[in-house]
Amino acid sequence: SQQGEEDPQALSIQEGENATMNCSYKTSINNLQWYRQNSGRGLVHLILIRSNEREKHSGRLRVTLDTSKKSSSLLITASRAADTASYFCATDREAGGTSYGKLTFGQGTILTVHP
Amino acid sequence: KAGVTQTPRYLIKTRGQQVTLSCSPISGHRSVSWYQQTPGQGLQFLFEYFSETQRNKGNFPGRFSGRQFSNSRSEMNVSTLELGDSALYLCASSLLLGFSVDTQYFGPGTRLTVL
């Protein structure tokens, strides 16, 4: 079952624009992570935000977390064609508590950045 | 440090056969998780190993099995292959510093095609 649900499912923008992706989840979490996947390859870790954090930055990435709404957003500023990829949020808990070694992923947002 | 490696990268099998996939985690990482990714189901957790013990298992039939060796390398096996087993199989390793699921580092995946 998918814990996280990303929105939108697909996003198409021009280079230089900002891209915002949202993720909602169902249970309480210890942390939430964002990953990127290029065209059927392995996932690349982007950022981890813990449940007691509200915002985190890494380069052009900004992640927010609202545990009261059980939602997170990923903002990519000044996007580049190389940012074209699928983006996934993943949570570390499910109903019943922490689940060893298991991340639960959403369906992902497909981002296309046009040169 | 070298990243997570998976072998083979591509595999073509026929129904009824069995297959073994291999994963070498990042040096020092003792937790190895496996995921199956398909267009229809997305990323689904298979199982997690830590110190040669399977600590968690996803909702997959018994045809899917795995093991971990003393050097933390892991293998997964799928017996009696079905067409629906065609997928990208991803391995991820983690330091697992605490009780929550820490950052997972993914390999490039093994693309399995069942004919």
Side-chain angles (χ1 to χ4, degrees), chain A residues 1-7 9-10 23 25 27-53 56 58 61 63 65 67 85-110, chain B residues 3-6 9-10 23 25-26 29-51 53-60 66 68 74 87-113:
Chain A
S1 62
Q2 298 294 331
Q3 158 85 305
E5 296 292 334
E6 277 98 339
D7 167 54
Q9 291 188 341
C23 166
Y25 56 92
T27 65
S28 62
I29 58 172
N30 294 310
N31 60 59
L32 183 145
Q33 304 182 49
W34 285 90
Y35 288 84
R36 183 187 76 225
Q37 184 178 38
N38 290 86
S39 190
R41 298 182 183 177
L43 277 73
V44 174
H45 180 259
L46 295 176
I47 200 162
L48 180 153
I49 186 165
R50 304 204 182 275
S51 60
N52 61 354
E53 298 175 311
K56 206 162 181 180
S58 177
L61 305 180
V63 167
L65 178 64
T67 53
S86 294
Y87 291 81
F88 296 89
C89 68
T91 55
D92 69 330
R93 296 189 71 187
E94 55 188 7
T98 299
S99 193
Y100 288 115
K102 176 181 179 180
L103 287 176
T104 302
F105 288 86
Q107 291 290 353
T109 293
I110 300 171
Chain B
V4 178
T5 58
Q6 291 187 246
R9 292 293 308 280
Y10 302 91
C23 171
I26 292 172
H29 287 192
R30 295 166 64 189
S31 171
V32 174
S33 298
W34 289 88
Y35 296 86
Q36 180 197 65
Q37 186 178 29
T38 60
Q41 297 298 316
L43 283 150
Q44 301 281 319
F45 173 78
L46 282 157
F47 27 63
E48 186 256 6
Y49 287 87
F50 181 82
S51 293
T53 300
Q54 184 185 91
R55 299 193 305 170
N56 202 357
K57 190 178 190 306
N59 190 25
F60 279 83
Q68 187 181 34
S74 178
L88 180 66
Y89 290 88
L90 294 163
C91 160
S93 74
S94 172
L95 270 174
L96 204 70
L97 296 176
F99 291 105
S100 65
V101 181
D102 214 334
T103 299
Q104 292 189 348
Y105 297 88
F106 284 79
T110 294
R111 173 73 63 185
L112 172 65
T113 302

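All heavy atoms count here, side chains included; hydrogens, waters and symmetry mates do not. Per chain, numbering begins at 1; letters A, B, ... match sequence-line order.
The local environment of CG in A:N52 is crowded, with over 12 non-hydrogen atoms from other residues, nucleotides or ligands closer than 6.0 Å. By the 6.0 Å contact criterion, CZ on A:R41 is open, its count of non-hydrogen atoms from other residues, nucleotides or ligands being 12 or less. Remark: A:I110 CD1 is loosely packed, at most 12 non-hydrogen atoms of other residues, nucleotides or ligands lying under 6.0 Å away. Other residues, nucleotides and ligands contribute more than 12 heavy atoms inside 6.0 Å of the CD atom of A:E53.
Without hydrogens or angle criteria, B:Q104 side chain to A:H45 main chain gives no donor-acceptor distance under 3.5 Å. Using modelled atom types, no side-chain atom of A:Y100 and backbone atom of B:S31 make a donor-acceptor pair closer than 3.5 Å. Listed for the B:N56 side chain is no donor-acceptor partner under 3.5 Å among the backbone atoms of A:G101.
When all heavy atoms of B:T103 and A:Y35 are compared, the closest pair comes out as C-OH, 4.2 Å.
For residues 35-44 of chain B, no residue pair satisfies the salt bridge (charged side-chain N to carboxylate O under 4.0 Å, His left out) rule, not counting sequence neighbours.
For B:Q6, no part lies near chain A; criterion is any non-hydrogen pair under 4.5 Å. Of the atoms belonging to B:R111, it is side-chain heavy atoms, and not backbone ones, that fall under 4.5 Å from chain A.
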